[in-house]
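Contents: one structure, followed by commentary.
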2 protein chains.
Amino acid sequence: MGTRERRQREFEARERLFLETARRLIRDDGILSLQMARLARACDYATGTLYQHFSSKEDLLVALATRRLQEHADYFCQVADWQAGSRERMFALTVADFRFARKHPGFSRLLQYTFTEVVWESASEDRRAALQRALQPPAKAVRDIVQQAIEAGDLPSHGQDAGALMLGPWGLCAGIQSMIQTRGLLDGLGISEPGRQLYRHAQFLLNGLGWQPLMDPVDDDALSALVKRIEREVLAVERRIRAAEAQEMQR
Amino acid sequence: MGTRERRQREFEARERLFLETARRLIRDDGILSLQMARLARACDYATGTLYQHFSSKEDLLVALATRRLQEHADYFCQVADWQAGSRERMFALTVADFRFARKHPGFSRLLQYTFTEVVWESASEDRRAALQRALQPPAKAVRDIVQQAIEAGDLPSHGQDAGALMLGPWGLCAGIQSMIQTRGLLDGLGISEPGRQLYRHAQFLLNGLGWQPLMDPVDDDALSALVKRIEREVLAVERRIRAAEAQEMQR
DNA sequence: TTCAATGTTTGAATACAATTCAAAAATTGG
DNA sequence: CCAATTTTTGAATTGTATTCAAACATTGAA
């Protein structure tokens with residue numbers, strides 16, 4: 001008797017409904033104006049029901065970030081599987097991350113907000129753990145690229161493990177993206193074309209790590225060509241995901 | 001008749017009182033439990049008076065971040081004046097930033113929170129502009145180091161201006177620090193000693209930029225010695241600042 | 001089928017702070 | 001000294017997150 005399982009499935013479906021609706025509300029009106037009561041109403045449930053799923057608003061935000069991160073992660077993992085040299089694939093992650101942020105600006109802001117003490121510490125331990133779990137596949141994808149690069153002789157290990165080596169490219173990307181997010185910040189510092197700068201510095205760092213083949217980050221033509229090539233591939237991946245999503249919708 | 005000026009001075013003094021008290025309250029109880037009414041009471045003023053200074057709680061947080069940034073900036077500018085090679089000075093900024101974050105963990109979290117859409121966009125235009133102004137001196141200090149390095153032949157300009165070149169080291173530092181801030185995040189990814197990793201990757205990036213003299217970031221002894229040396233100098237600067245502050249207190 | 005026990009949903013009530021604003025107090029200038 | 005003006009006050013207002021007692025639904029034993 002699958003009553004318990006059915007219940008469980010229904011509960012999960014309702015949670016997805018809440019999260020998807022929250023996402024839509026945030027996309028339309030911003031994080032600032034998300035209200036628990038409105039969200040519940042928009043899903044035709046009472047406020048209290050929402051609290052069966054999420055212990056607080058912050059808890060919901062972390063859950064939302066986790067869900068979006070999973071999509072981001074799929075995207076990421078597929079980029080990592082791209083048939084190309086290890087350095088190109090590593091760089092492609094930076095491009096993918098940047099483009100994802102461009103395409104879903106709300107998500108990047110939500111993630112930035114999520115990792116803030118105020119939100120992170122107000123969420124439940126379970127939600128934090130779930131987000132950490134969602135972080136594992138993309139982290140593994142990156143680590144694998146690093147590992148393969150070491151094994152192929154493209155990257156000297158420097159006596160470090162793959163996790164340590166990936167922190168730099170990841171941190172660089174996250175840091176610059178976060179600056180880009182903050183309206184007016186880079187303009188105020190007189191820095192233009194931040195996306196281009198991100199790409200350049202990612203290449204500078206890979207050069208510094210001795211990741212072969214070295215590339216001249218200020219050879220704009222070569223860099224643009226590479227980004228274009230990656231975008232073609234990334235777009236293809238995106239289309240595949242979108243198709244898979246559409247199929248799931250139909251079910 | 002200096003009545004107006006006196007008023008002005010008193011108003012500014014009161015604002016400082018509010019900000020210093022807010023800082024203390026946040027240090028003791030965290031950002032989460034800062035309450036406008038409590039803060040006003042702690043300063044022996046009515047809630048309404050607080051709103052003469054700050055248009056909202058977020059406005060106050062941005063003002064607070066600005067004030068702390070100014071201290072950070074002094075620290076920074078003095079590090080930049082340190083008598084040493086351009087590369088050592090550039091790296092010293094990373095060390096200074098990391099140590100400042102260690103010493104004032106609340107500040108780093110506040111800054112992270114400040115640049116979040118939720119806070120940044122809720123603050124008044126004036127406060128945002130003030131924060132941007134406070135960012136100019138440290139930005140100039142960094143730019144100057146880059147500029148001097150180019151002029152001294154330590155760093156190829158790559159046809160880029162100093163602002164563009166500093167974005168990488170700055171972003172790397174900000175990104176990794178932000179990850180360190182989020183409790184459990186790096187542990188969950190199996191990354192240990194993140195401070196050490198930050199230093200290493202900063203060096204990798206400087207190497208990638210071709211900033212002379214190149215250094216081996218995984219020569220732990222050399223790196224530790226350099227950090228120790230910088231800490232000695234940085235500590236000296238800190239003491240000088242602390243002395244200046246004490247003097248100001250007496251006035 | 002019936003019914004007590006158990007679990008779930010509801011939304012009005014509660015709680016909590018941020019923000020406002022009318023009245024009181026202080027200051028100014030004539 | 002006083003009327004006009006500015007500043008301060010803190011209780012009232014407002015907006016929302018969160019709770020919880022009552023209503024409703026489900027289950028499984030008799």
Side-chain angles (χ1 to χ4, degrees), chain A residues 1-15 17-19 21-22 25-26 29-64 113-114 116 118-124 126-127, chain B residues 1-15 17-19 21-22 25-26 29-64 113-114 116 118-124 126-127:
Chain A
M1 59 120 202
T3 315
R4 164 152 293 157
E5 282 83 24
R6 182 176 49 78
R7 277 305 184 88
Q8 184 62 20
R9 260 202 325 277
E10 282 170 5
F11 190 81
E12 278 160 16
R14 195 170 63 184
E15 186 151 317
L17 171 66
F18 282 140
L19 289 174
T21 309
L25 290 179
I26 288 179
D29 307 333
I31 301 178
L32 273 157
S33 44
L34 181 73
Q35 289 176 24
M36 297 300 267
R38 266 202 230 164
L39 171 57
R41 210 84 302 281
C43 300
D44 280 314
Y45 283 100
T47 315
T49 308
L50 194 48
Y51 281 86
Q52 296 269 319
H53 294 263
F54 310 103
S55 67
S56 69
K57 188 176 176 177
E58 284 73 27
D59 206 56
L60 181 140
L61 291 177
V62 172
L64 197 52
Y113 189 47
T114 298
T116 261
V118 172
V119 176
W120 189 247
E121 298 295 333
S122 306
S124 66
D126 286 355
R127 293 291 174 189
Chain B
M1 60 120 202
T3 315
R4 165 155 290 158
E5 282 83 22
R6 182 175 52 77
R7 277 303 185 91
Q8 184 62 19
R9 261 204 322 277
E10 283 170 3
F11 189 83
E12 278 160 15
R14 195 170 64 183
E15 186 150 318
L17 171 67
F18 281 139
L19 290 173
T21 308
L25 291 179
I26 287 179
D29 308 331
I31 300 178
L32 273 157
S33 44
L34 183 72
Q35 290 176 23
M36 297 302 266
R38 268 202 227 164
L39 170 58
R41 210 86 299 282
C43 300
D44 281 314
Y45 282 100
T47 315
T49 308
L50 195 47
Y51 280 86
Q52 295 269 317
H53 293 263
F54 310 103
S55 67
S56 70
K57 189 177 177 176
E58 285 72 28
D59 205 56
L60 181 141
L61 290 177
V62 172
L64 197 53
Y113 190 46
T114 299
T116 262
V118 172
V119 176
W120 188 248
E121 299 295 334
S122 306
S124 65
D126 286 358
R127 294 289 172 189

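Because only heavy atoms are used, hydrogens play no part in the values below, and waters and symmetry mates are left out as well, while side chains stay in.
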[X] [atom1] to [N] [atom2]: how many Å, rounded?
{"X": "B:Asp59", "N": "C:dT19", "atom1": "CG", "atom2": "P", "answer": "9 Å"}
{"X": "B:Arg6", "N": "C:dA26", "atom1": "CZ", "atom2": "C1'", "answer": "12 Å"}
{"X": "B:Tyr51", "N": "D:dT14", "atom1": "OH", "atom2": "P", "answer": "16 Å"}
{"X": "B:Arg38", "N": "C:dC16", "atom1": "CZ", "atom2": "P", "answer": "11 Å"}
{"X": "A:His53", "N": "D:dT18", "atom1": "NE2", "atom2": "P", "answer": "16 Å"}
{"X": "A:Asp44", "N": "C:dT10", "atom1": "CG", "atom2": "P", "answer": "9 Å"}
{"X": "A:Lys57", "N": "C:dC16", "atom1": "NZ", "atom2": "P", "answer": "18 Å"}
{"X": "B:Glu58", "N": "C:dT19", "atom1": "CD", "atom2": "P", "answer": "6 Å"}

Discussion item. Students often get this wrong, so: under 4.0 angstrom with heavy atoms, is B:Leu39 touching a base, only sugar-phosphate, or nothing?
Written reply: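 If one applies the 4.0 Å heavy-atom cut-off, B:Leu39 turns out to touch nothing in the nucleic acid.
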Practice prompt. Could you label the plane-to-plane angle of the B:Phe18 and B:Phe54 rings as parallel, tilted or perpendicular, counting under 30° as parallel and over 60° as perpendicular?
Written response: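 Aromatic pair B:Phe18/B:Phe54 classed perpendicular.
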Worksheet item: Relative to each other, are the rings of B:His53 and B:Phe11 parallel, tilted or perpendicular (30° and 60° limits)?
Response: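 Ring orientation, 0 to 90° scale: parallel.
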Of the listed nucleotides [options], the one nearest the side chain of [X]:
{"X": "B:Ala46", "options": "D:dT9, C:dA17, D:dT19", "answer": "D:dT9"}
{"X": "B:Met36", "options": "C:dG11, D:dT8, C:dT19", "answer": "C:dT19"}
{"X": "B:Thr47", "options": "C:dT20, D:dT9, C:dG11", "answer": "C:dT20"}

Worksheet item: Can you name the side chain to side chain donor-acceptor pair (under 3.5 Å) partners of A:Ser124, sequence neighbours left out?
Response: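 A:Asp59.
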Closer than 4.0 Å, any side-chain N/O of [X] to the OP1 or OP2 of [N]?
{"X": "B:Arg14", "N": "D:dT8", "result": "yes"}
{"X": "B:Arg7", "N": "D:dT6", "result": "no"}
{"X": "A:Thr49", "N": "C:dT10", "result": "yes"}

Worksheet entry | DNA chain D: 5'-proximal contact among A:Gly48 and A:Leu34 (nearest heavy atom) |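 Residue closer to the 5' terminus by nearest nucleotide: A:Leu34.
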Worksheet entry | Main-chain N/O of A:Asp29 paired with A:Ser33 side-chain donor or acceptor, under 3.5 Å |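 Present.
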Discussion item. Do the side chains of B:Glu10 and B:Arg6 get close enough for a salt bridge, i.e. N-O under 4.0 angstrom?
Written reply: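 Answer for the salt bridge query: yes.
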